[in-house]
Amino acid sequence: MASYPFRKIERKWQKFWKENDIYKVEDDFSKKKYYILDMFPYPSGAGLHIGHPEGYTATDIIARYKKMCGYNVLHPMGFDAFGLPTERYCMVKGIHPIEATRKNIEVFTNQLNMLGFAYDWSRAVNTTDPSYYKWTQWMFLLIYNSWFDEEQNRARHIDELPIPASLTDRVEIEKYKDEHRLAYIAMIPVNWCEELGTVLANEECDEWREKGYAVERKPMRQWMLKITKYAQRLLEDLELVEWPHSTKEMQKNWIGRSEGADVQFTIQNFDENICVFTTRPDTICGATYLVLAPEHQLVEKIRTAEQKSFIEEYKKKAALKSDLERTELSKEKTGVFTGSYAINPATKQPIPIWIADYVLAHYGTGAIMAVPAHDERDWDFAKQFSLPIVKVVEQEGNNWDIEKAAFPEDGISVNSTFDEFSISGLQTVEAKEKTILWLEEKVIGQRKIQYKLRDWLFSRQRYWGEPIPIMFFEDGTKRALETDELPLLLPDVNEFKPAETGESPLAKVPEWVNFIDKKTGRKARFETNTMPQWAGSCWYYLRYADPRNNEVFCDKEKESYWMQPDGVDLYVGGAEHAVLHLLYARFWHKVLFDYGYVSTLEPFKKLFHQGLILGADGRKMSKSLGNVINPDDVVEQHGADSLRLFEMFIGPLQDAKPWSETGIEGSNRFLNRTWRMIATEEGKLSPDVLDIPMTADQEFILHSTIKKVAEDIEGMHFNTAIAQMMIFANEFYKFEKKPREAIEKFVLCLAPFAPHIAEELWQLLGHSESVTLQKYPEFDEKKAVKSQIEMVVQVNSKIRGKFACELDLTQEEVETKAKEDKKIQSYLEGKQVKKVIFVKNKIINFIVV
RNA sequence: GCUCGGGUGGCGGAACAGGUAGACGCACAGGACUUAAAAUCCUGUGGGAGCAUAUCCCGUGUGGGUUCGAGUCCCACCCCGAGCACCA
């Protein structure tokens with residue numbers, strides 16, 4: 001027996017869907033909406049890999065199901081096409097990124113269509129399309145033209161920034177504004193990758209390092225976005241979304257909020273203060289030395305002449321080390337004494353000031369008060385350099401030996417009583433509180449909330465990205481483009497190699513660095529950096545709601561229809577974006593929210609990460625391991641429906657699971673069996689499908705299948721939904737005569753999973769309208785339950801017998817029946833029944849002695 | 001080191017809310033059809049004792065506990081995976 005003609009069927013229906021615009025999505029505001037989104041792909045030259053269809057099939061199933069349930073479903077697709085790989089590929093091959101991107105998108109589109117996804121391609125977005133990046137640039141300018149009002153806790157237009165009366169000079173006022181903008185230029189040490197010819201965000205470094213690229217620290221002029229202003233909102237609004245616990249944790253961790261205090265230490269013989277941040281102000285009396293990061297501004301000033309050479313040597317060594325080396329290689333603490341002393345404000349004792357690279361310049365104030373007794377790092381350092389360790393916190397009823405290890409936990413303060421300050425005897429929580437109040441009263445410190453999150457490095461020295469729409473004049477002033485001047489198009493060039501100066505390739509384009517600004521008539525040059533790949537994906541979900549609008553990035557009414565009340569209903573994509581994309585997009589969304597451009601606090605209500613599809617050997621697929629599966633081959637051999645079904649069947653969507661060649665054959669077998677159950681070898685409706693009533697058994701199988709499939713789609717348990725459909729097919733295959741009603745409803749259940757074969761079968765069953773436009777069948781709760789159940793009889797909690805009986809028998813009835821059983825009788829004989837446990841429709845348990 | 005997941009047959013995995021562990025699929029074995037093979041169909045399949053489709057014992061990483069009853073709840077430990085990692 002041959003396999004069902006999947007090639008013919010799949011081609012036929014894909015053509016039909018396209019020609020009849022079956023998946024067109026209308027903005028019908030009268031219908032209830034459902035917005036389901038995939039993380040859009042980066043259209044690489046390699047084409048779709050086997051992992052893509054996993055998440056896409058899952059969302060396709062839900063989208064089709066929701067549509068059958070009467071929702072107006074938005075399930076769009078697009079391409080995140082700016083980025084380094086394309087640009088690098090083009091440099092090597094000598095083709096233009098526009099051309100390469102066009103081709104890649106075409107290949108991806110064909111491959112996605114080959115899998116039978118229900119996309120409305122008229123809504124597709126492409127981040128490299130000028131009509132799209134016009135609005136990416138517009139959003140950058142919105143951020144640029146904003147300042148963050150701490151009181152109102154939101155972004156406001158820069159023109160509403162209160163200018164201090166003391167500033168009168170125009171240049172000074174501009175400078176003041178620039179300092180407050182949410183997008184600003186800074187000269188900072190960045191992660192420079194020579195080979196890529198660009199800088200990378202902190203978040204990106206590891207990825208490229210893993211690929212074998214060297215990344216070094218280098219100070220450069222860069223654009224930054226003040227995402228840190230949103231740290232608290234990004235943190236607390238995580239409460240509003242239904243995301244995987246681990247992803248929320250990762251974002252919390254990344255934002256890294258900690259509560260504590262800034263404390264000022266005076267320096268002996270100097271007029272300067274050193275400000276430190278600590279989360280344990282209660283341990284101030286145990287602060288026996290201070291440590292500055294080697295890069296700290298005051299180091300040069302306060303080091304003594306004798307220490308000069310040691311300090312300089314140490315600083316040089318520290319600068320050469322990357323962040324990675326500073327952390328991973330050096331569990332052994334290093335450092336140098338500056339020669340100077342600070343005064344501990346609580347004990348009034350002089351304490352030495354050191355520099356050490358275990359203190360990070362970019363966190364807190366770049367300086368710490370070291371409390372070796374209660375911090376492991378400080379303890380290691382103190383041991384290394386024989387600095388004093390003073391215990392100021394004790395654990396109740398336990399005499400901790402501070403010489404053996406630090407005690408970093410909460411406890412009760414001790415040795416903390418001095419002339420004007422005393423917290424001895426207080427619990428850590430109270431001690432912290434009292435210390436902060438004292439610091440604030442003495443004006444030598446204040447309560448402080450510190451975040452690990454840093455500003456977002458937003459510029460790249462690349463060609464293939466959105467140009468930053470800012471121009472600079474010869475006098476150093478600058479001008480942001482107006483909306484009517486957007487998009488600022490990328491120049492058409494043939495060379496994408498970076499300039500020798502480390503600047504972007506755009507710095508070599510004459511019309512970019514030397515032109516007369518039409519609006520002002522002044523000589524100007526454009527910013528030569530471009531935006532990072534993350535920019536376009538920060539807002540694409542909004543564009544799908546109104547993808548061709550040239551007046552605004554998204555019509556207000558359409559935004560509210562598709563996004564209300566909680567944003568995108570379901571967002572599916574890889575866990576690798578847990579911090580980067582998902583944090584950046586939330587940040588932009590919040591800026592848009594502050595201006596009323598979007599109506600929800602958060603963009604994505606529910607988030608789901610699909611797991612990796614591994615090679616058949618259980619290892620990650622990679623060319624070098626030779627375990628890569630190509631979706632084109634699989635579709636050719638087994639069909640798109642089999643591939644879709646198999647990827648959903650192998651295991652829970654969120655788990656990593658290995659590919660299996662025999663496994664996909666199993667999925668194919670199920671579809672073959674389904675085909676033969678309904679169709680003849682000639683592709684006609686089988687004569688066994690008849691207009692006859694169902695038996696009670698058949699009704700039970702059908703209704704429990706309708707129920708289980710619906711529930712499992714809603715719960716995203718596709719594997720068990722498919723298992724249930726297999727049960728249906730196995731059972732009905734055996735019935736000689738198949739009631740038409742059952743078969744039709746089954747085809748409707750199958751349709752979201754395997755749309756091609758479902759269309760064909762639906763047509764064979766005599767319907768002219770597409771199966772995708774049908775209603776999902778309803779089930780009768782009463783018919784979805786077995787009328788006969790198996791009652792388990794236990795004696796002393798061990799199973800000793802079973803009998804079939806009607807549903808909902810009483811304990812008495814069950815007891816009587818159980819005792820009729822010879823075997824049960826033998827177990828009860830001569831014993832005294834102490835207790836009987838009865839669980840309706842499940843078990844009866846006799847406890848005997 | 002810290003945080004979060006997770007350990008169930010030969011394999012991928014089921015098991016609602018503490019109540020028949022192993023659904024469904026793969027693989028394997030036997031049988032039917034066939035000249036033969038493939039495909040298809042039927043049957044079996046956690047381990048052990050046993051002639052047995054009689055019966056019994058053991059079984060969800062390990063050790064304890066709660067309960068009439070634990071894969072599921074509690075405590076301790078082991079292992080695997082992911083993320084963070086001198087963030088003061």
Side-chain angles (χ1 to χ4, degrees), chain A residues 1-3 244-250 252-254 256-258 260 276-280 283 287 291 323-324 326-328 330-331 333 356-360 362-371 374-378 380-381 408 450-454 575-576 578-579 609 611-612 616 618 645-646 649-652 654-667 669-670 672-673 676 711 717 719-727 729-730 733-734 789-802 823 834-848:
Chain A
M1 234 170 283
S3 172
H245 182 76
S246 60
T247 306
K248 283 193 189 182
E249 283 303 309
M250 277 163 70
K252 281 182 195 164
N253 216 292
W254 194 262
R257 178 191 155 106
S258 44
V276 306
F277 172 72
T278 179
T279 54
R280 290 295 299 270
T283 62
V291 190
D323 271 4
L324 203 77
R326 273 171 76 152
T327 56
E328 252 172 50
S330 53
K331 278 290 145 221
K333 297 277 185 291
D357 65 7
Y358 84 91
V359 173
L360 307 172
H362 56 71
Y363 182 75
T365 59
I368 61 155
M369 64 174 206
V371 185
H374 304 291
D375 181 284
E376 280 165 25
R377 298 151 300 180
D378 297 343
D380 289 344
F381 192 81
Q450 184 70 47
Y451 298 92
K452 278 203 279 188
L453 185 70
R454 288 195 259 166
E576 67 273 18
V579 274
H609 301 303
L612 275 182
L645 215 49
F646 176 62
F649 183 65
I650 23 175
Q654 67 275 15
D655 291 0
K657 25 196 188 270
W659 180 260
S660 160
E661 201 45 52
T662 51
I664 187 157
E665 282 165 21
S667 297
R669 211 168 290 159
F670 161 64
N672 272 325
R673 181 181 277 239
R676 288 196 308 271
E711 284 173 356
H717 308 298
N719 53 335
T720 46
I722 294 167
Q724 181 61 40
M725 290 190 282
M726 287 173 168
I727 291 171
N730 289 344
Y733 190 82
K734 287 180 208 163
I789 52 138
E790 209 172 41
M791 183 64 67
V792 172
V793 186
Q794 297 184 331
V795 180
N796 284 345
S797 305
K798 282 196 191 276
I799 298 160
R800 298 301 181 192
K802 299 168 188 181
K823 199 177 150 198
K834 224 173 69 184
K835 195 174 169 189
V836 179
I837 290 140
F838 175 69
V839 181
K840 203 166 120 185
N841 295 334
K842 289 236 164 85
I843 63 153
I844 183 147
N845 187 0
F846 298 96
I847 308 302
V848 300

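Chain letters run A, B, ... following the sequence lines, proteins first, then strands; residues in each count from 1.
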Which part of the nucleic acid does Lys823(A) contact within heavy-atom distance under 4.0 Å: base, sugar-phosphate only, or nothing?
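Contact class for Lys823(A): sugar-phosphate only.
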Sugar-phosphate only, base, or nothing, as touched by Arg257(A) at under 4.0 Å among non-hydrogen atoms:
nothing
Between [atom2] on [N] and [atom1] on [X], what's the gap in Å once rounded to a whole number?
| X | N | atom1 | atom2 | value |
| --- | --- | --- | --- | --- |
| Tyr451(A) | A88(B) | OH | P | 13 Å |
| Glu576(A) | C84(B) | CD | P | 12 Å |
| Leu612(A) | A82(B) | CG | C1' | 11 Å |
| Phe670(A) | G25(B) | CZ | C1' | 11 Å |

Taking atom [atom1] in both [N] and [M], compute the distance separating them and give it to the nearest angstrom.
| N | M | atom1 | result |
| --- | --- | --- | --- |
| C73(B) | C28(B) | P | 37 Å |
| A15(B) | A70(B) | C1' | 13 Å |
| A88(B) | C77(B) | C1' | 33 Å |
| C56(B) | G5(B) | P | 42 Å |

Do Lys333(A) and C86(B) have a side chain to base donor-acceptor pair shorter than 3.5 Å?
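Such a pair exists between side chain and base.
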Distances under 3.5 Å between protein N/O atoms and the N/O atoms of nucleotides 26-31 of chain B, please, pair by pair.
| residue | atom | partner | partner atom | Å |
| --- | --- | --- | --- | --- |
| C26(B) | OP1 | Arg669(A) | NH1 | 2.6 |
| C26(B) | O2' | Thr662(A) | OG1 | 2.7 |

Where each pair must be Watson-Crick or G-U wobble with both distances under 3.5 Å, what dot-bracket representation of RNA chain B is obtained, with crossing pairs in [ ] and other-strand partners as |?
(((((((..(((......[....))).(((((.......))))).((((.....))))..(((((..]....))))))))))))....
I want to verify a distance call: between U40(B), C58(B), C56(B), whose nearest atom is closest to the Tyr733(A) side chain?
U40(B)
Just compare C57(B), G83(B), C68(B) and give me whichever is closest to any side-chain atom of Met250(A).
G83(B)
Going by the rule ring-ring contact (aromatic ring centres under 6.0 Å, His included), which residues pair with Phe646(A) if we only count those two or more places apart in sequence or in a different chain?
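By the ring-ring contact (aromatic ring centres under 6.0 Å, His included) rule, Phe646(A) matches Trp659(A).
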Ring-face cation contact, Tyr358(A) with Lys333(A), 6.0 Å cut, 45° max
yes
Where along nucleotides 14-24 of chain B does protein come under 4.0 Å, by heavy atom, of base (B) or sugar-phosphate alone (S), with - for untouched nucleotides?
S-B--BBS-BB
Do Asp378(A) side-chain atoms and Val371(A) backbone N/O form a donor-acceptor pair below 3.5 Å?
yes
Residues at least two apart in sequence or cross-chain that pass side chain to side chain contact (heavy atoms under 4.5 Å, CB included) with Pro408(A), listed by chain then number, are Glu376(A)
Need to verify one output field. Residue with the more 5' nearest nucleotide on RNA chain B, Asn672(A) or Ile847(A)?
Asn672(A)
Give each protein N/O atom lying under 3.5 Å from an N/O atom of nucleotides 46-48 of chain B, with the pair distance.
none

